[in-house]
> 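Starting off with a structure, shown below.
Here is the naming used below: chain letters follow the sequence lines, and residue numbers restart at 1 for every chain.
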Amino acid sequence: MDYLAHLNPPQREGVENLEGPTMIIAGAGSGKTRVLTYRIAHLIRSKDVDPFKILALTFTNKAAKEMRERIEKVVGTDARNLWMGTFHSVFSRILRAESDKLGYPSNFTIYDTDDSKSLIKNIVREMGLDEKLYKANVVYNRISGAKNNLISWQNYISNPVYISDDEQAQKPKMGAIYKEYVQRCFRAGAMDFDDLLFNTNILFRDHLDVLNKYQQRFQYVMIDEFQDTNISQYLITKRLASVHQNICVVGDDAQSIYAFRGANIQNILNFEKDYPDLSVIKLEQNYRSTQNIVNAANSVIVKNSAQLKKSVWTENDHGEKVHLIKATSDNEEGRLVASSIFEDRSNKKLENKDFAILYRTNSQSRSMEEALRKMNIPYRIFGGLSFYQRREIKDLLAYLRFTINQNDEQSFRRIINLPKRGIGGTSVDKIMVAAFENERPLWDVLNNIQNFLPGRAANAVQNFVTLIKSFRIKLEREDAFETASFIAKQSGLLKELYDDKTIEGLNRYENVQELLNAIKEFVDSTESEDKSLEAFIADVALLTDADNQDPNDTNYVNMMTIHSAKGLEFKHVYIVGMEEDLFPSQMMLNSRADLEEERRLFYVALTRAMEKVTLTYALSRYRFGRLKSCEPSRFIEEIDPEFLKVDRKFNSSEPMGSMNNGSSNSLYARNLVAKRKATTPKVPPGKKLHTPSADFKPSDTRSLDTGMRVEHPKFGFGKVVKMDVDGANRKATIEFELFGEKTLLLTFAKLRILED
DNA sequence: TACGCCATGTTTTTT
DNA sequence: ACATGGCGTA
């Protein structure tokens with residue numbers, strides 16, 4: 001095949017060695033994705049394998065999408081039928097098809113992390129336990145860890161190790177909470193993220209006919225980012241591949257950064273044991289980065305103890321050394337990065353999209369944003385708070401979810417008194433008690449509510465039940481969009497947001513409209529065969545809006561956490577906040593294994609860069625609103641000095657004392673303004689409006705006015721030329737000048753005002 | 001039951 | 001700095 005021509009020998013082997021178990025150890029930048037996509041293309045094109053019989057699992061939606069696109073380029077529309085996606089999405093599909101075997105409804109709800117934690121909180125409270133001792137977060141992680149190791153609650157409460165662990169931690173009730181949590185999820189017809197994998201394992205373990213069906217179907221199984229899989233995931237694929245034995249895993253132990261989620265490097269070692277006739281292919285030549293970058297990264301990663309033998313090298317140019325910039329404050333750090341980008345962009349003829357700013361925590365984006373905005377450098381933030389996590393969106397989704405599954409406890413709690421119906425916490429508690437003590441489904445209790453609640457409250461619940469029933473009629477007869485808009489209107493949600501004339505209310509209203517638009521798009525799309533609301537809701541919990549953003553799509557500087565940068569590459573990479581306690585994170589200093597994971601994270605960050613890496617750190621940084629002094633990260637010293645260059649030009653010469661005047665004062669003043677506007681109850685008639693928040697943070701909230709320079713996430717930078725605001729109808733028409741051309745925008749929620 | 005004010009904890013990363 | 005939860009009042 002023609003595409004084999006530009007592959008080096010090990011890459012070519014990775015593509016052509018199709019039969020039997022294969023492990024591809026792929027160093028950073030070694031063309032791993034290319035091998036995987038060509039391999040699949042090769043199966044379809046040359047070996048005539050039905051795409052329907054190929055299962056390709058990735059870790060993130062982003063990776064799945066990218067791979068599908070690349071395969072489509074080689075094999076065309078055949079790629080449509082591939083079973084490709086994240087573990088969670090692929091197996092949720094299978095679980096829906098086979099749900100009856102496990103006693104779940106096929107339209108089971110998927111609880112996201114927020115749902116799970118709030119359920120745990122309720123349980124802890126109901127059990128009369130100390131909520132500080134049994135923090136939802138901690139309990140959730142403990143349960144999640146157990147599930148990812150395939151420890152059921154039955155195993156858990158009888159396992160002496162877990163018991164003594166919990167007793168030593170003064171948390172003896174952990175197992176009991178686990179049990180209650182699992183039972184509550186089951187009764188609610190809900191699975192959390194970990195259940196999607198755990199229950200798939202149960203399904204394949206207990207229903208051999210089902211297992212056999214999928215074993216026959218999936219002749220070829222492939223796993224990307226294998227180092228990030230946990231035991232639960234690994235066992236699923238092992239079972240699936242055990243008939244044909246055509247399993248191919250691709251990974252790099254040096255890039256394993258998800259141990260906190262149960263990922264296990266051990267999987268790689270186990271793999272060799274489980275498949276003795278394994279072919280191992282090593283991709284060691286890096287095509288992405290300069291020698292200085294590869295060498296610097298290598299000099300860091302050797303500090304880790306556990307490693308597979310592998311040496312990553314490159315034939316690329318030496319390139320520049322890794323730059324190091326010191327700043328006095330986080331704000332100055334932002335300014336230095338912004339001016340460095342500004343300079344390189346013009347001096348080296350680069351575009352915005354060639355740059356990426358990577359950080360350890362999402363909250364670090366703020367100071368970077370400020371600086372970039374001031375220099376008029378367009379940027380885009382990946383990750384952070386997802387659209388689907390916004391309150392108003394979760395509210396509407398809860399209505400939609402409950403209409404589909406009336407036993408979904410979390411959705412019920414969310415909407416039962418929204419808008420206010422006079423049903424408070426005590427009534428809800430009574431309903432729950434009635435359901436649990438009699439082992440009756442929630443919906444059953446609600447339908448016979450007069451037996452459980454006094455007259456007035458019972459009446460209110462009765463009305464709620466009638467309302468939901470009217471939604472169900474719509475659900476059965478209409479498509480997703482008709483049903484959802486009906487629910488949004490009739491529930492009173494839309495009206496409540498409409499009546500809320502505050503700036504935030506306006507925004508929320510628009511966000512809900514945006515969700516409805518998304519549903520409309522889903523219905524109109526030719527790709528979705530099933531246009532029911534169930535089909536739309538099925539995967540919503542598995543989506544994040546980072547998945548909808550294509551890094552190459554628009555010409556913006558990219559900003560994201562290092563975790564979400566995995567698999568991506570950029571010409572110039574800034575790794576900011578290189579400070580002890582921040583990176584490595586304070587939380588990760590407890591064990592050697594944790595520190596090594598942080599080091600691998602640093603390795604991942606370094607190896608994203610093609611041409612230039614710049615590290616920055618600040619001597620002081622705002623945290624919880626307080627200025628804190630910082631020390632440079634130990635990782636900086638771990639880079640072999642031969643590959644490191646202290647960037648004098650960009651190093652701060654400002655004395656420490658000066659950091660409290662200019663920049664921080666203006667920031668303070670700005671936030672004050674923002675707060676004032678945000679709490680103004682009504683939008684006055686005339687031309688006072690806001691900007692925020694679908695893509696921007698609430699602190700951007702300010703009055704919009706003609707003449708202001710603004711940014712729109714799609715249209716880019718421009719100026720407000722004219723605005724007509726109709727407060728009564730809540731519509732604004734803004735004439736927006738974009739590079740000299742006039743554009744009319746009907747909505748302003750996505751405009752951000754730029755500093756002058 | 002609803003609402004307002006005050007106290008408290010939170011920030012590691014993602015499906 | 002910000003969101004959440006508790007507590008008191010209407």
Side-chain angles (χ1 to χ4, degrees), chain A residues 57-64 85-92 110-114 116-118 121 125 131-132 135-137 141 144 147-148 191-197 225 228-230 232-233 256-263 358-366 382-386 388-389 391 417-428 456-457 460 539-544 546-547 560-566 577 581-590 594 597-598 600-602 604-605 621-628 667-668 671-672 674-675 678 697-699:
Chain A
L57 296 166
T58 62
F59 203 65
T60 61
N61 295 310
K62 207 194 288 173
T86 62
F87 279 88
H88 290 85
S89 71
V90 166
F91 295 118
S92 74
I110 297 176
Y111 277 173
D112 66 18
T113 312
D114 289 342
S116 300
K117 284 180 187 167
S118 101
K121 211 180 248 180
R125 202 171 306 172
E131 285 181 61
K132 290 194 179 139
K135 280 193 208 160
N137 216 344
N141 287 332
S144 173
K147 282 184 184 168
N148 286 330
M191 296 195 198
D192 67 16
F193 286 140
D194 304 312
D195 286 334
L196 296 175
L197 308 172
E225 307 282 11
D228 289 329
T229 55
N230 57 41
S232 181
Q233 291 166 320
S256 161
I257 54 176
Y258 283 102
F260 74 93
R261 253 188 57 190
L358 308 183
Y359 33 79
R360 178 65 234 268
T361 68
N362 277 309
S363 59
Q364 286 168 259
S365 66
R366 202 221 71 218
F382 287 77
L385 191 63
S386 148
Y388 293 101
Q389 288 177 303
R391 174 152 63 88
N417 207 24
L418 188 98
K420 301 269 180 304
R421 284 179 243 277
I423 305 171
T426 32
S427 299
V428 174
R456 238 180 55 180
D539 286 341
V540 153
L542 301 176
L543 291 179
T544 58
D547 303 323
M560 66 193 88
T561 63
I562 302 170
H563 281 87
S564 43
K566 191 151 76 146
D581 290 357
L582 187 58
F583 190 26
S585 161
Q586 195 186 351
M587 326 280 306
M588 297 293 269
L589 295 175
N590 298 322
D594 281 351
E597 173 149 318
E598 291 287 286
R600 291 192 295 269
L601 195 57
F602 186 41
V604 168
R621 176 177 300 277
Y622 276 96
R623 249 188 147 183
F624 303 135
R626 288 247 149 263
L627 198 60
K628 215 191 112 199
L667 176 66
Y668 179 63
N671 282 341
L672 268 188
K675 198 152 203 171
K697 293 185 182 161
S699 62

> Taking only residues two or more places apart in sequence, or in another chain, which ones meet A:Ala457 in a side chain to side chain contact (heavy atoms under 4.5 Å, CB included)?
A:Ser427, A:Leu453
> Compute whether any side-chain donor of one residue and acceptor of the other, for A:Ser144 and A:Asp194, lie under 3.5 angstrom apart.
yes
> In whole angstrom, what separates A:His88's NE2 from B:dT15's P?
9 Å
> Restricting both atoms to N or O, compile the protein contacts to nucleotides 3-11 of chain B shorter than 3.5 Å, with distance only.
| residue | atom | partner | partner atom | Å |
| --- | --- | --- | --- | --- |
| B:dT10 | OP1 | A:Lys135 | NZ | 3.1 |

> Could you check how far CG of A:Leu358 sits from P of B:dT12, rounded to whole Å?
19 Å
> Excluding sequence neighbours, so at least two apart, what forms salt bridge (charged side-chain N to carboxylate O under 4.0 Å, His left out) with A:Arg421?
none
> Grab the CZ-C1' distance between A:Arg456 and B:dT1 for me, whole Å please.
8 Å
> What is the separation between atom CG on A:Asn230 and atom P on B:dT14, rounded to the nearest whole Å?
17 Å
> For the side chain of A:Met588, counting heavy atoms from C-beta on, which of B:dT13, B:dT12, B:dT1 is nearest?
B:dT12
> Output the rounded distance in Å from CZ (A:Phe193) to P (B:dT14).
12 Å
> Taking 4.0 Å as the cut-off, does a side-chain nitrogen or oxygen of A:Thr60 come that near to OP1 or OP2 on B:dT14?
no
> Hey, is the side chain of A:Thr113 poking within less than 4.0 Å of OP1 or OP2 on B:dT14, counting only N and O atoms?
no
> Is the gap between the ring centers of A:Tyr258 and A:Phe59 under 6.0 Å?
yes
> May I ask you to decide if A:Gly85's main-chain N or O and A:Asn61's side chain share a donor-acceptor pair within less than 3.5 Å?
no
> If you define the side chain from C-beta out and look only at heavy atoms, does anything of A:Ser564 sit under 4.5 Å from A:Thr561?
yes
> Once you apply a heavy-atom cut-off of 4.0 Å, does A:Tyr258 come out as touching a base, just sugar-phosphate, or nothing?
sugar-phosphate
> Taking only nitrogen or oxygen atoms into account, show me every contact under 3.5 Å that the protein makes with nucleotides 4-9 of chain C, one pair per line with its distance.
| residue | atom | partner | partner atom | Å |
| --- | --- | --- | --- | --- |
| C:dG5 | OP1 | A:Lys121 | NZ | 3.3 |

> How would you label the contact of A:Phe59 with the nucleic acid (heavy atoms, under 4.0 Å): base, sugar-phosphate, or nothing?
sugar-phosphate
> Under 3.5 Å, side chain of A:Asn230 to main-chain N/O of A:Gln233, donor-acceptor pair present?
yes
> Under 4.0 angstrom, heavy atoms only, what part of the nucleic acid is A:Ile423 near: base, sugar-phosphate, or nothing?
sugar-phosphate
> Could you say whether A:Arg421 or A:Glu598 is positioned toward the 5' end of DNA chain B, judged by the nucleotide with the nearest heavy atom to each?
A:Arg421
> Could I get the full list of salt bridge (charged side-chain N to carboxylate O under 4.0 Å, His left out) partners for A:Arg623, not counting sequence neighbours?
none
> Rounded at 0.5 Å granularity, tell me how far CD1 in A:Ile110 sits from OG in A:Ser89.
9.5 Å
> Do any side-chain nitrogens or oxygens of A:Asn362 fall under 4.0 Å of OP1 or OP2 in B:dT12?
no
> Please tell me if A:Asn417 has a side-chain N or O lying less than 4.0 Å from either OP1 or OP2 of B:dA2.
yes
> Quick one: side chain to side chain contact (heavy atoms under 4.5 Å, CB included) partners of A:Asn141, sequence neighbours excluded?
A:Asn137
> A:Leu601 or A:Gly422: which one's nearest nucleotide on DNA chain B is closer to the 5' end?
A:Gly422
> In whole angstroms, how far is the P atom of B:dT14 from the OH atom of A:Tyr388?
18 Å
> Write down the distance between CG (A:Asn141) and P (B:dT13), rounded to a whole number of angstrom.
12 Å
